[in-house]
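Note on naming: letters A, B, ... go to the chains in the order of the sequence lines (proteins, then strands), and numbering restarts at 1 for each one. None of these values were measured; they are calculated from a predicted model.
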Number of protein chains: 2
Amino acid sequence: MDQLSQVFAALADPTRRDMVARLTEADASVSELAAPYDVSIQAVSKHLKVLEGAGLVTRTKEAQRRPVHLEAEVFDLMTKWIERYQRQAEQRYQRLDRLLDELNGRDQPTTKGNAS
Amino acid sequence: MDQLSQVFAALADPTRRDMVARLTEADASVSELAAPYDVSIQAVSKHLKVLEGAGLVTRTKEAQRRPVHLEAEVFDLMTKWIERYQRQAEQRYQRLDRLLDELNGRDQPTTKGNAS
DNA sequence: TCGGTAATCAACCGGATGGTTGAATAGAAT
DNA sequence: ATTCTATTCAACCATCCGGTTGATTACCGA
């Protein structure tokens, strides 16, 4: 699986999105991260493995805690993809607008072609 | 499921991402969309249902063709989410930098503390 | 009216996903 | 050395997902 797919898939889960949100505030251990949610620590550990696989977080072994750190650069992957097609879709609208303007302009003065 | 999750999930699939990319160029019918891929038309129809559920495309019944149209505004949902936490993560780095600067600044001029 | 074409519906299948519980690992503390 | 704490590994389960094939709907054209 390509990284972009993994990033999108990782953020498709609300719990994982919330974890990412919290990690923008500060690094946190697995159990700290797990505290607010009504699921087992093992489930949270799995979520972290998904986020890690997507490159969104890194875990550094520090004694028996493994503080989780957000790697915000990966966001750029997504924003680049999104912005590209957002821009493209916008340009398409503009082309369409121009086309409509052109058609309008062309048969309003002459009234030659029939486009009713 | 909330829409944001649906949008992320929809774009987690490469085929669907490619369809979205192509729809920024022009609207297309289901079979037109299906042509490049090595899957059945039914599979593509399912993909479209996912994209539609996420609000990324709309389908207007027009004779027996059902042209698919991209609704680019939904991108904003994602960009807003991403940008918010991207910004927040950046600010966190800046806070950290300031903190380090402060610690550095405090014992660099005086050379009182030893932080070799 | 009778095909032909575009698309969806329905049932099924294998693999991924999110959750569980229980056992294992590993460092800290006593 | 033993125990406590943090985390992961492993097996299992239900559900979801992307794909298939076959049947069905709906419109167009001859």
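- Listed nucleotides D:dG19, C:dT8, C:dT21 differ in distance to A:S40; the shortest reach to its side chain belongs to C:dT21.
- Checking the phosphate oxygens (OP1, OP2) of C:dA7, no side-chain nitrogen or oxygen of B:R59 falls inside 4.0 Å.
- Among the nucleotides C:dA7, D:dT7, D:dG18, the one closest to the side chain of A:S29 is D:dT7.
- Contact annotation: A:S31 does not reach the phosphate of D:dA6 (side-chain N/O to OP1 or OP2, under 4.0 Å).
- With respect to the salt-bridge test (charged N to carboxylate O, under 4.0 angstrom), the residues A:R59 and A:D27 do not qualify.
- For B:K46, the side-chain atoms get nearest to C:dA11 when compared with the rest of C:dA11, C:dT20, D:dC9.
- Rounded to whole Å, the distance from CG on A:D13 to C1' on C:dA16 is 14 Å.
- Residue-to-nucleotide contacts include a donor-acceptor pair under 3.5 Å from the side chain of A:Q42 to the base of C:dG22.
- A straight line from CD1 of A:I41 to C1' of C:dT20 spans 14 Å, rounded to a whole angstrom.
- Atom CE of A:M19 is separated from atom C1' of C:dG18 by 11 Å (rounded to the nearest Å).
- Of the candidates C:dT20, C:dA7, C:dA11, C:dT20 carries the atom nearest the A:A43 side chain, counting heavy atoms from C-beta on.
- Look at B:H47 and you'll find a side-chain N or O under 4.0 angstrom from OP1 or OP2 of D:dG19.
- Rounded to a whole Å, the CE atom of B:M1 is 13 Å from the C1' atom of D:dT15.
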